[in-house]
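Contents: one structure, followed by commentary.
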Amino acid sequence: MATLKDRYRRHGLELGGTELPDYLPVVLEYTATGDLADGLALLQEHRAGIELLRLALRDANSPYTAVVEAVCALLPGPSPQDRAAAQRLARTGPTPGDRRPGTLRSGTIGRGPR
């Protein structure tokens, strides 16, 4: 957690005493206001957990489902359609072919439509 806080601090994001650096809204704030490429890479590193959150929100008919779906849409490769596929992603990581226009490619944003 200290490493993550240092990462944020280097790009100008100071967390309050009670904010946890791995809290998704904090990661999104860093991505939006700190370092876009690094923030997207950080989200990609934790894609499996975000996908599992997306599926749990969907299953619970949560009003926050669309927000997490939008985050997942920014990341390379298709989102898993079910919990088993998300768990496979958690175990194995994305495949090298999981790239599409408009998403993170080697630390930069692609040019295709979002």
Side-chain angles (χ1 to χ4, degrees):
M1 294 259 210
T3 302
L4 196 50
K5 280 186 174 182
D6 289 340
R7 190 174 186 173
Y8 294 160
R9 195 174 300 116
R10 281 193 308 272
H11 295 283
L13 179 61
E14 291 289 336
L15 299 182
T18 61
E19 291 181 298
L20 296 175
D22 61 346
Y23 183 49
L24 184 56
V26 171
V27 177
L28 295 174
E29 180 180 352
Y30 169 68
T31 303
T33 64
D35 182 314
L36 179 62
D38 187 52
L40 288 171
L42 182 60
L43 289 167
Q44 181 63 17
E45 288 170 29
H46 299 282
R47 170 93 185 247
I50 296 168
E51 292 289 0
L52 289 168
L53 173 63
R54 177 186 63 82
L55 292 168
L57 292 171
R58 184 193 67 189
D59 293 348
N61 294 316
S62 170
Y64 298 106
T65 303
V67 174
V68 177
E69 285 175 343
V71 171
C72 291
L74 293 173
L75 302 176
S79 285
Q81 296 304 308
D82 58 39
R83 193 168 316 284
Q87 288 171 334
R88 276 192 304 279
L89 176 64
R91 282 192 306 274
T92 63
T95 61
D98 283 349
R99 297 282 188 260
R100 62 180 176 202
T103 60
L104 183 67
R105 292 175 188 259
S106 303
T108 61
I109 300 294
R111 294 185 184 169
R114 287 187 208 177

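Hydrogens, waters and symmetry mates play no part in the numbers below; they use all other heavy atoms, side chains included. Quick caveat: nothing in here was measured; it's all calculated off a predicted structure.
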Notebook entry, point to check: Honestly curious: do L75 and L55 fall in one hydrophobic cluster under the side-chain, below-4.5 Å linking rule?
Noted result: no
For a quick test of your reading: what N or O donor-acceptor pairs under 3.5 Å do the side chains of residues 13-24 make, sequence neighbours left out?
residue, atom, partner, partner atom, Å
E14, OE1, R9, NE, 3.4
E19, OE1, G16, N, 2.8

Next item on the list: Check the hydrophobic clustering (I, L, V, M, F, W, Y; side-chain heavy atoms under 4.5 Å; chains of links allowed) and say if V26 and I50 are grouped together.
Entry: yes
N/O donor-acceptor pairs under 3.5 Å from side chains in residues 63-74, not counting sequence neighbours:
residue, atom, partner, partner atom, Å
T65, OG1, L57, O, 3.1
T65, OG1, R58, N, 3.4
T65, OG1, S62, O, 2.9

Margin query: Can you list everything that forms a side chain to side chain contact (heavy atoms under 4.5 Å, CB included) with A48? Sequence neighbours excluded, please.
Written below: L89, A90
Note to self: Contact between P80 and Q87 at the side-chain level, heavy atoms closer than 4.5 Å - yes or no?
What the structure shows: no
Next item on the list: Using side chain to side chain contact (heavy atoms under 4.5 Å, CB included) as the criterion, list what pairs up with A84, not counting sequence neighbours.
Entry: D82, R88
Checklist line | Any side-chain heavy-atom pair of D35 and R7 under 4.5 Å | finding: no
Margin query: Looking at every heavy atom in both R54 and S79, which two are closest together, and how far apart are they?
Written below: NH2-CB, 3.6 Å
Margin query: For residues 24-34, which residue pairs pass the side-chain hydrogen bond (donor to acceptor under 3.5 Å, both in side chains) check, not counting sequence neighbours?
Written below: Y30-D38
Notebook entry, point to check: When rounded to the nearest 0.5 angstrom, what distance separates NZ in K5 from OG1 in T3?
Noted result: 11.5 Å
